[in-house]
Amino acid sequence: MDVEAENGARSAPAGSTWRRGRPLVLIAVLLALVIALHELVPNRWGNLGSLVATFLPWFVLAVPLLLLGAALRRSALAALLALAPLAAWVGVFGPQLMPVEAAAYDLTVVQHNVADDNDDVARTVELLLAEDPDIVALEELTSENLPQYEAALEPTFEHHTTQGTVGLWSRHPISERTRVDIRPAGIDASWDRCLRAVVQTPEGEVTVYVAHLPSVRVGPRGLAAYSRNRSAELLGEAIAADPAPAVVLAGDLNGNLLDPGLAPLTEEVSREEHGFRFTFPSALPVVQLDHVLARGAEVRDLRVLPRSGSDHLPVVSRVSLGQ
């Protein structure tokens, strides 16, 4: 047998570790590009951009699977490039994982979609009041549960207003209260999910919106989010036209802050992200749908509270009015 040929045959397996696992290499590269360039994913073809944004924080879980695949294929190149999605993920989410120092604030705001089938009103209210809030915003109030929430919250909050299925309770006087129409086309006039109230705090006047945007659904054609997106546009337009110097929005927005479908709204009100604040479903949260955002004020902190009888987790935020 030719010695040179024999040596070449013996060395082939070692050299092939850089050629094996090409499908894994392709997947890793594509995943890294999607994570790093997620803002460029078009929100067409079944709201693809929104779908990617919804699950983007979880894309990092593909890295161990890629490393396992690379080990099974004995592919050095696949193992190396499996770290590319991790690097892209750190580039996107790393800044919000940095620790932040406690800062002064003026208001404590609690936000909760209480769920229309939540039959434990007493425990839900007890959980919310444990945060000693100045403002409580609730969604999915019904003709059956609203009197119970009013009775349970009245001893703590002298002022409150409701509109349709949303409500606002405040320790401070409410000087204005109006309905905000965010109904997308084709939805019945009885659909009423947004209010605007002006709260007179010791630190100054703040305009509070409480909103519940339409739900989204994942199906064979992607993410069904037209109604949610249209409501976000209408609410964004209302806030943009509002001359109030300080605006706070509390609500179930049915999307996270990376979702391009919410861009018309998050361009008007925002907050700096710190960590991950998943709120839905309450049994095993995988996405944040519940938010407190601001303009002319600063949401300094937002935490997720323990589970109530709802399918959403409540959140509490500390807001500085900066006045």
Side-chain angles (χ1 to χ4, degrees), residues 31 34-35 38 41 46-68 85-86 88-90 92-94 96-97 109-128 130-131 136-142 145 165 211-225 227-228 250-262 266 271 273-293 299 301-317:
L31 184 60
V34 169
I35 295 173
H38 63 92
V41 178
N47 289 290
L48 181 60
S50 291
L51 193 61
V52 168
T54 298
F55 298 103
L56 192 65
W58 299 99
F59 282 15
V60 71
L61 297 181
V63 174
L65 297 178
L66 289 170
L67 289 171
L68 176 61
L86 177 60
W89 189 91
V90 170
V92 172
F93 294 108
Q96 73 185 61
L97 298 179
V109 179
V110 165
Q111 145 64 27
H112 192 24
N113 179 330
V114 296
D116 55 13
D117 60 351
N118 177 3
D119 58 3
D120 198 349
V121 173
R123 179 175 177 274
T124 299
V125 170
E126 180 182 7
L127 179 67
L128 303 182
E131 297 300 318
V136 171
L138 302 181
E139 299 84 48
E140 292 204 12
L141 299 172
T142 67
N145 67 24
T165 60
H212 183 189
L213 301 190
S215 300
V216 298
R217 295 287 185 270
V218 179
R221 296 184 178 182
L223 192 70
S227 294
R228 193 278 312 269
D252 173 4
L253 305 184
N254 272 303
N256 65 25
L257 298 187
L258 294 175
D259 193 323
L262 295 183
T266 54
R271 77 163 182 275
E273 289 276 48
H274 299 294
F276 296 103
R277 306 291 187 255
F278 302 130
T279 64
F280 182 85
S282 58
L284 185 64
V286 296
V287 65
Q288 181 175 5
L289 304 182
D290 303 88
H291 302 272
V292 178
L293 308 174
V299 180
D301 179 44
L302 188 141
R303 293 184 291 105
V304 177
L305 299 178
R307 187 178 182 184
S308 69
S310 171
D311 55 347
H312 289 246
L313 294 176
V315 297
V316 58
S317 66

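In what follows, every heavy atom counts, from backbone to side chain, and hydrogens, waters and symmetry copies are set aside. Just so we're clear, the structure is a prediction, and the values are computed from it rather than from any experiment.
For the residue pair S310 and N118, the shortest heavy atom distance occurs at N-ND2, 3.8 Å. Scanning all heavy atoms of the two residues, the minimum distance from S50 to T54 falls at O-OG1, 2.8 Å.
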Would E139 and H312 count as a side chain to side chain contact (heavy atoms under 4.5 Å, CB included) if you check the C-alpha gap in whole Å, the side-chain angles of each, and the deciding distance to 0.1 Å?
CA-CA 10 Å; E139 299 84 48; H312 289 246; over 6 Å; no

Please lay out, stage by stage, how L293 and L253 fare under the test side chain to side chain contact (heavy atoms under 4.5 Å, CB included).
CA-CA 11 Å; L293 308 174; L253 305 184; 4.0 Å; yes

From CA spacing to verdict: side chain to side chain contact (heavy atoms under 4.5 Å, CB included), V315, R277
CA-CA 8 Å; V315 297; R277 306 291 187 255; 5.6 Å; no

Before giving the answer on side chain to side chain contact (heavy atoms under 4.5 Å, CB included), spell out for L262 and R228 the whole-Å C-alpha distance, their side-chain angles and the decisive distance to 0.1 Å.
CA-CA 8 Å; L262 295 183; R228 193 278 312 269; 3.4 Å; yes

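Between E140 and D311 there is no side-chain heavy-atom pair separated by less than 4.5 Å. With a 4.5 Å cut-off on side-chain heavy atoms, S308 and V114 do not count as touching. T142 is not listed as a side-chain neighbour of T165, based on a closest heavy-atom distance of 4.5 Å or more. With a 4.5 Å cut-off on side-chain heavy atoms, S227 and V216 do not count as touching. At least one side-chain heavy atom of H291 sits less than 4.5 Å from a side-chain heavy atom of L257.
Using modelled atom types, one side-chain atom of D120 and one backbone atom of R123 make a donor-acceptor pair closer than 3.5 Å.
Residues passing the ring pair (Phe, Tyr, Trp, His ring centres under 6.0 Å) test with F59, sequence neighbours excluded: none. In this view, Q96 and F93, E273, F276 satisfy the side chain to side chain contact (heavy atoms under 4.5 Å, CB included) rule, not counting sequence neighbours.
Taking CG of L128 as the reference point, atom NE2 of H112 lies at 5.5 Å (rounded to 0.5 Å). Atom CG in L313 sits 5.5 Å away from atom OG in S282 (nearest 0.5 Å). From T279, atom OG1 reaches atom CG of N113 across 9.0 Å, with rounding to the nearest 0.5 Å.
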